[in-house]
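Computed from heavy atoms alone, side chains included, the values below leave out hydrogens, waters and symmetry copies. To find a chain, count down the sequence lines: A is the first, B the second, and so on, and within it residues start at 1.
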Amino acid sequence: MSFSVSLNETEFMVRKAFRGAGYHWGEAEEAGKAAVWLARRGLPVLAPVLALLRNAAAQEGPNNTTGACPVRTGLMLADGAMRLPAGESTVIPALRAPQLLLPFLADCAAINSLNMSAQWTGNDFILHGGDLHGEASDAAGEEPVRVVIAAAPAARPAAAPMAAGRRSLTVEPDQWDALGRFAAETYVPASTRSRLAGAGAGVTDND
Amino acid sequence: MTSTARETSPSPVALRSPDSVASLAVMGASHPHRLSFMRILLRRLRREGWTISRTVWDLDDEGYGTAVYTAKGPERSYSLVAFSHYLDPALRSDRVIATAWDATFTLFDGVPSADDLARLRANVPLQEAGRVSEKELSVSRTNRSVRVFDHVVDRLASGVQPDKALIAEVGYLMRTTAVYGSGKLGAADYDAIGDRPEFHAPYQGEMLSVYMTRQFNIDLVEHIAARRAPATAVKLDPAIARSFGVGNSTGLGMAPYLVNHPGLLNAWYTVRETALMRVRNLASASPQDEAAFRSLVARAIRGVADWRTDDAVQLGRIATLGEDLHRLAAHLATAGLAAVRPWDAIYLWADAELSLEARELVASLLIEGHAAIVDDLEALYRTDERSRFRIDASRPLADLAALLDGNYQWTERFDFSDRAQSARFWYTSEEKLEPRLGERFEEEGAEREQPIAVARDVQALRKDLRGWSTGEPVAAFLMKHPEHRHTVRRVMLSETAPYAEIRDNIISAAMRPIDILRFKLAFFGATRFDPRSDRWLRITMFQHAPLIGEIASPEADDWFLPPLDGR
């Protein structure tokens, strides 16, 4: 029985889940924002996030993921550590959870006044300004895919941009729970001591 | 212009620097002011002609059941939906981990239908264990002040007013133990409503909810008294009703919040400091201005006399504050206001002569009387955290170094190899996700600490920057040191946000979380700070504020301090 979570909850839970899976806090924050970017546009969120984090967990940490990480790859592009000038393209042979790359390509496009495009099986996108244009397939694969990224001079694409107005995310309980289990790695188990002394409020609050 | 004329024109008073006001000590001496969020709310309600009425009152003889209050503005309405419950006194707890309360509430976006009420009745009393929807803007709960609540009901039932001294002791009938907003438990995100003018200033939904909760508390005691003794019961005298605020029990969670929202912290400081600067820069003051200020000082003296706490440290500070205000009154009586920049002269005198508590209260008093030149600063509360999130990593490391030198010198004075400096760690407990403060060297869990030890993290960043050529882009450094991304983002943000940081060590053994809590609560507009430990405190909200039927009155904005007479 699916239910609705707010975009704030989405951001915080994804951030904590990435940290819980071993990413640095600075990367986890970026992942949280990326998740909200996707959620506003009705693109898959939890499926790609969980596919990525499960792989990180299976490989004992995000440094060892099989297939490139879309958050780390995306940050390289948005930071400019990896440059793609207009007219050039690059192939990432095996990128996990490619949807998560899109928000970073959006930033890259805005920062560099470019159109960035990303294409993988059934999915063809152009990022222009802050907008996403293109076709998404619903298929949420667990496996990494071959992604072609290209840069072109900034120009408004013909197709209308995807609306970015969603205000909540509909989730399946088992997915939200799975995300929560990663996030729980950032919590400290309670102890009697921590319950009594860690937070404040007295033994009796009656006044 | 002759050189003489230039010499006699003093250079403008500047903003107080971040180093001078963003320490824990100064934060811990914060007082509410006219740009506090509660004040902004009530000014808007009056200015726009809002009315608040009680539309559902479905309570049994004991006062258990459902109530709804609707605030109607020019374009939209908001409703407080209240559920009052029987609570076993043994279960009454202010902790986040409590599971039952005397009353639970939600602020509904509009006017709830019968179906909405049924849905809310099934969820709101459960609080964190329930879910609400985008139609709800906040969720909260209150517990009774056992002493005051029962006393007031008993007195009203027997036809007399409650004991003013007891009310002065406590200050409220019920206290909130949490007010959740912005997306928590499924409620609407702030983003969804932030474009509405009534939500441009911070926490307006939460403040509206608490304001209507105050009325509910008043109506509730009158109701129970009337049912208990219909022949003899009376209502509260309005002056006494006004002396009730809503209590609040505030714990640690607010402290990480401020550190995690540097843009917001910067905005709050900018508003208050700019207001103070403008007043200090006024060239002169009229006799009426002087009389008004002396009246504020007299009311502040009364307010301090009402400020109760059992905390020894705070009691000492309150006593000194009272003495300092008398000294200020005497100074004004003998010296009067200076002819040139009189308000600045008062501030400088207070800074030299009075305690920190007094100086910060004087700052609030100075701002209070100058609505015309400061109230517009409310607009500066709106920040765009989103646009400053992206790090411009193409910039050279020289820029990062310059920002560290310009804005983070304060981090250099802590020696984190000293256990006392790194004694604590902030974390989220698995138990109901309650924020807690741990002892690093005595407890488990420090490896899961929250990334808010800014001073320590900046020191680590500086260390790893050594040896890097300043011409290299930040991107290259982040590729090699992804663990510093979080800190680099903060440092870059500080370029346009001078007040973004709490300029102190918040993991030291000596750190008091209540200093951070007090700063935030002062911005809410809270009064009567009552520390219960170093990490939680009680406050009162909306004490002396107009009742809902008085929103439109001319005095509706004049409740920062208690009245001089028994109004």
Checklist entry - Residues of residues 53-63 of chain A under 4.5 Å from chain B (heavy atom pairs)? => result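 No residue falls under the 4.5 Å cut-off.
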Report yes if the side chains of [X] and [Y] come closer than 4.5 Å at any heavy-atom pair, otherwise no.
X: A:Phe104; Y: B:Arg390; answer: yes
X: B:Phe389; Y: A:Glu29; answer: yes
X: A:His24; Y: B:His484; answer: no
X: A:Val188; Y: B:Glu443; answer: no

If I take atom [atom1] from residue [X] and atom [atom2] from residue [Y], how far apart are they, to the nearest 0.5 angstrom?
X: A:Phe12; Y: B:Asn260; atom1: CZ; atom2: CG; value: 8.5 Å
X: A:Ile111; Y: B:Asp392; atom1: CD1; atom2: CG; value: 7.0 Å
X: B:Ile391; Y: A:Asp107; atom1: CD1; atom2: CG; value: 11.0 Å
X: A:Ser191; Y: B:Arg436; atom1: OG; atom2: CZ; value: 7.5 Å
X: B:Arg131; Y: A:Phe3; atom1: CZ; atom2: CZ; value: 6.0 Å

Checklist entry - Is B:Arg485 salt-bridged to A:Glu30, cutoff N-O under 4.0 Å? => result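 Looking at B:Arg485 and A:Glu30, the cut-off is met.
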Checklist entry - Which region of A:Ser4, side chain (C-beta onward) or backbone (N, CA, C, O), has a non-hydrogen atom less than 4.5 Å from a non-hydrogen atom of chain B, or is it both or neither? => result backbone
Item to check | Under 4.5 Å from a heavy atom of chain B, the part of A:Arg83 involved | outcome: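 For A:Arg83, the contact with chain B is made by the side chain alone.
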Which bit of [X] comes within less than 4.5 Å of chain A, counting heavy atoms only: side chain, backbone, both or neither?
X: B:Leu433; answer: side chain
X: B:Ala188; answer: neither
X: B:Leu478; answer: side chain

Item to check | Atom of B:Glu449, atom of A:Trp25 and distance for their closest heavy-atom approach | outcome: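 What the structure gives for the nearest pair is O-NE1, 3.8 Å.
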Item to check | From CA spacing to verdict: salt bridge (charged side-chain N to carboxylate O under 4.0 Å, His left out), A:Arg166, B:Glu134 | outcome: CA-CA 12 Å; A:Arg166 308 243 177 144; B:Glu134 295 169 332; over 6 Å; no
Next on the checklist: Set out, in order, the CA-CA distance, both residues' side-chain angles and the distance that settles side-chain contact (heavy atoms from CB on, under 4.5 Å) for A:Asp79 and B:Met479, then state yes or no.
Outcome noted: CA-CA 9 Å; A:Asp79 284 352; B:Met479 279 281 305; over 6 Å; no
Next on the checklist: Checking A:Glu27 against B:His486 for the side-chain contact (heavy atoms from CB on, under 4.5 Å) test, could you report, in this order, the C-alpha distance in whole Å, the side-chain angles of both residues, the deciding distance, and whether it holds?
Outcome noted: CA-CA 8 Å; A:Glu27 298 171 313; B:His486 174 80; over 6 Å; no
Checklist entry - Which one, B:Ala475, B:Gly438, B:Ser429, B:Pro451, leads in non-hydrogen pairs under 4.5 Å with chain A? => result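 Result: the option with the highest number of such pairs is B:Pro451.
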Does a sphere of radius 6.0 Å around [atom1] in [X] hold more than 12 heavy atoms from other residues, nucleotides or ligands, not counting ones at 6.0 Å or beyond?
X: A:Arg146; atom1: CZ; answer: no
X: B:Asp310; atom1: CG; answer: no
X: B:Glu444; atom1: CD; answer: no

